[in-house]
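Here's the structure we're looking at; comments come further down.
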Amino acid sequence: MKKLSAQVTEGFDRAPHRSLFKAMGYIDEEMNRPLIGVVNAKSEIVPGHIHLDNITEAVKTGIRMAGGTPVEIPSIGVCDGIAMGHAGMKYSLASRELIADSIETMALAHSFDGLVLVPNCDKIVPGMLMAAARLDLPAILMSGGPMLAGNVGGCKVSLSNVFEAMGAFQAEQIPEEELKEMEDHACPGCGSCSGMFTANSMNCLAESLGMALPGNGTLPAVYAERLRLAKKAGMRAVSLVKEDLRPSSIMTRAAFTNALAVDMALGCSTNSVLHLFAIANEANVPMDLAEVDRVSSMTPNLCKLSPAGPYYMEDLDAAGGVLAVMQQLSAAGFLDTSAKTVSGVTLGELLRTSGAGMRTVRQRIDPGNRIIRPVTDPYGKAGGIKVLRGNLAPQGCVVKQSAVAPEMLQHEGPARVFESEEDCMTAINQGEIRKGDVIVIRYEGPKGGPGMREMLTPTSALSGMGLDKDVALITDGRFSGATRGAAIGHVSPEAADGGLIAYVKEGDRIRIDIPCGVLKLQVPEEEITLRRQQPMKSPERDIRGYLARYAKMVTSASTGAILRIMD
């Protein structure tokens, strides 16, 4: 095993480097072992990260047990829930690139032999996986785990219920006391929010990509079993270095196809498409929306987790977690089981060794196959995410079809056009949105926002008002995994890139056909041509600093909103 860390720890000419290690308390024996960078995203502003010091300490213990030396370094992270509904959300997706860049910087500047990535929430997980693919150092991801569901009136609830309660209160459907009770009890402690939102989607997909140990996606944050898993992850990190097993051998085309299949079966957040594309780009694995559509059309939807259904991450974990879902898919031939994993065995071997015990667990916990449906009796014959195309989105857009009410799968209505999320919320709060409307929020894309804000606030307000089965929302921005309803995002090309969404007028008819994959502006081609001849009237925004650089470099949502290298 040739250690990359030898660049800073071996030889007479590295005496100055070793003296700096010794200034921090390292001894010769520690420097002679593999140096494993442990990227800790702990902060005191993200509920999913508030406990990551405990996870990180367990990881470091595992590294030492296996004969390595842990070196802890930091990572930033944005809490999407706290950033929601104001200018702060512009930084959420944009932070993904900063995270990947900072890990690259720290790992290569200090010659780490391997990495353990300790994230939990939305952009932090994909940002770290992007760094792992780019660096191609032996690496493993060990997340902080999901929050337990809250309890209000004897019913399980989550953050999305608070947003919806806010809409219900605005519509005078519930009293202030009920909103306060929801606020106080929906999020009972640390962890990523308890439904199949973006954070948990990506933590589950890290398993299906082969970059995390079984249990990473579903073991609740407060369970001691997660600390035990963290120790095992630390131990495996040292083994990965000794085996020279790198992300390029794990995150292959087979792994990404497997991840898409698991994505569709679980009913993950539409944000997962953005992130899988970005990770695949770093891994040099071509992916596009046609591939998403292909996998979605053939993969059944096996789970209805919040906000699409009544179950939460703790329920999925009790029913066997991601492994149990993959066993269902594997038995029906939907997975490539030859794919390698950080466990040191192929996916097929991993599923075989856990098979009998997993079936026993499922029979006891989920005897009616409600949490994880069998492939022969799925919630839906197609996957959780659907790609739509048409003149409004020739490059594609996405919707979480598993969270759409049946009556909204096909819809046509008048456009209600807004230049920002704030303008839309003003109209919603003033009761200006009517049944049948198709809300269009534009100039919120990767470049136009900039930053491609999530639109959980308006979708939740509509749901709380009881309009989610009557009103559709279309945007070149994106939606939180906590969103439900006919919420269609990632419209590409975006308004700021001259997409047709920029030329929609108030009252235009828009047709949505989710089963057929159609999103169309019902305006004659001659009229569209005339409109395109007029200059675009994009809103003026005071953008500076990192967001200004981001807006100049970011690409379309259809390619994962990755950054292009400037000429």
Side-chain angles (χ1 to χ4, degrees), residues 84-85 160-174 269-270 306-309 384-386 388 390 392-393 397-444 453-491 495 500-501 504-523:
M84 195 75 65
S160 63
N161 297 102
V162 187
F163 275 93
E164 292 180 9
M166 175 188 67
F169 173 73
Q170 178 70 26
E172 300 182 348
Q173 295 177 5
I174 63 171
S269 164
T270 51
S306 174
I385 295 174
K386 181 68 176 177
L388 310 183
L392 256 182
C397 58
V398 294
V399 62
K400 188 173 181 176
Q401 65 179 350
S402 59
V404 179
E407 52 266 51
M408 285 299 291
L409 291 172
Q410 293 175 312
H411 179 77
E412 182 174 323
R416 303 298 311 280
V417 183
F418 303 96
E419 311 299 329
S420 70
E421 178 186 9
E422 287 85 354
D423 290 347
C424 177
M425 277 306 301
T426 297
I428 291 173
N429 290 335
Q430 291 178 354
E432 296 174 6
I433 303 302
R434 302 285 184 263
K435 289 184 177 182
D437 286 348
V438 178
I439 295 172
V440 176
I441 305 178
R442 60 193 180 193
Y443 293 103
E444 290 285 8
R453 288 195 290 181
E454 288 184 343
M455 306 289 166
L456 179 58
T457 303
T459 58
S460 296
L462 292 171
S463 294
M465 294 174 175
L467 291 173
D468 58 300
K469 296 180 180 180
D470 301 286
V471 173
L473 198 158
I474 298 169
T475 181
D476 52 8
R478 60 197 177 92
F479 293 105
S480 166
T483 291
R484 60 188 173 98
I488 299 166
H490 309 191
V491 168
L500 184 56
I501 190 172
V504 178
K505 292 186 176 180
E506 188 82 5
D508 285 348
R509 303 291 293 182
I510 293 177
R511 181 166 72 90
I512 300 165
D513 190 333
I514 293 173
C516 292
V518 173
L519 178 65
K520 187 176 182 181
L521 178 65
Q522 303 283 67
V523 171

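Being a predicted model, the structure only gives us computed values, none of them experimental.
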*Non-hydrogen side-chain atoms of Gln430 and Thr426 separated by less than 4.5 Å*: yes

*Backbone N or O of Val398 within a donor-acceptor pair of the Thr270 side chain at under 3.5 Å?*
no

*For Ala415 and Val504, which heavy atoms make the closest approach, and how far apart are they?*
CB-CG1, 3.8 Å

*How long is the gap from OG on Ser463 to CZ on Phe163, to the nearest 0.5 Å?*
12.0 Å

_Atom pair OG/CG of Ser460 and Asn161 - distance to nearest 0.5 Å_ = 9.0 Å

_Would the distance check show the side chain of Thr459 and the main-chain N or O of Leu456 forming a donor-acceptor pair, the cut-off being under 3.5 Å?_
yes

_Ser480/Met84 under side-chain contact (heavy atoms from CB on, under 4.5 Å): CA gap, chis, key distance, verdict_ = CA-CA 9 Å; Ser480 166; Met84 195 75 65; 4.2 Å; yes

_For a quick test of reading the model, state the closest non-hydrogen atom pair linking Val471 to Arg434 and the distance between them._
CG2-O, 3.4 Å

_To the nearest 0.5 Å, what is the distance between CD1 on Ile474 and CD1 on Ile488?_
5.0 Å

_Side-chain (Glu506) to main-chain (Val417) donor-acceptor, under 3.5 angstrom_ = yes

*If every non-hydrogen atom of Asp476 is compared with every non-hydrogen atom of Ala495, which pair is closest and at what distance?*
OD2-N, 3.0 Å

*asked:* Apply side-chain contact (heavy atoms from CB on, under 4.5 Å) to residues Val404 and Ile514 and explain how you reach the verdict.
replied: CA-CA 9 Å; Val404 179; Ile514 293 173; 4.2 Å; yes

*Would you say the side chain of Arg416 lies within less than 4.5 Å of the side chain of Val438, judging by non-hydrogen atoms?*
no

_SB check Glu444 Arg478 (cutoff 4.0 Å)_ = no

*Please check if the side chain of Glu407 supplies one atom and the backbone of Lys469 the other of a donor-acceptor pair under 3.5 Å.*
no

*asked:* Set out, in order, the CA-CA distance, both residues' side-chain angles and the distance that settles side-chain contact (heavy atoms from CB on, under 4.5 Å) for Phe418 and Ile439, then state yes or no.
replied: CA-CA 8 Å; Phe418 303 96; Ile439 295 172; 3.9 Å; yes

*Any donor-acceptor N/O pair, His411 side chain to Gly436 backbone, under 3.5 Å*: yes

*asked:* Nearest 0.5 angstrom please: Gln401 CD to Leu388 CG, how far?
replied: 8.5 Å

*Got a salt bridge between Arg442 and Glu421, using NZ or NE/NH1/NH2 to carboxylate O under 4.0 Å?*
no

*With rounding to the nearest 0.5 Å, note down the distance linking CE in Met455 to SG in Cys424.*
8.5 Å

_Exam field: side chain Gln170 to backbone Asn429, donor-acceptor pair closer than 3.5 Å_ = yes

*How would you list, by chain and number, every residue that makes a side-chain contact (heavy atoms from CB on, under 4.5 Å) with Pro515, sequence neighbours excluded?*
Leu409, Gln410, Asp513

*How close do Ile174 and Ala165 get, heavy atom to heavy atom, and via which atoms?*
CD1-O, 3.4 Å

*If only atom types and distance count, is the side chain of Ser306 paired as donor or acceptor with the main-chain N or O of Gly309 below 3.5 Å?*
no

*Separation of Arg453 CZ from Thr475 OG1 (nearest 0.5 Å)*: 9.5 Å

*Work out which heavy atom in Leu519 is nearest to a heavy atom in Ala393; give both atom names and the distance.*
CD2-CB, 4.4 Å

*Take Lys520 and Gln522, measure what side-chain contact (heavy atoms from CB on, under 4.5 Å) needs, and give me the verdict at the end.*
CA-CA 6 Å; Lys520 187 176 182 181; Gln522 303 283 67; 3.4 Å; yes

*Do side-chain atoms of Asp508 reach the backbone of Lys505 as a donor and acceptor pair under 3.5 angstrom?*
yes

*Test item: Thr483 and Pro307 side chains (from C-beta on) under 4.5 Å apart, heavy atoms*: no

_For a quick test of reading the model, state the closest non-hydrogen atom pair linking Asp437 to Glu432 and the distance between them._
OD2-O, 4.2 Å

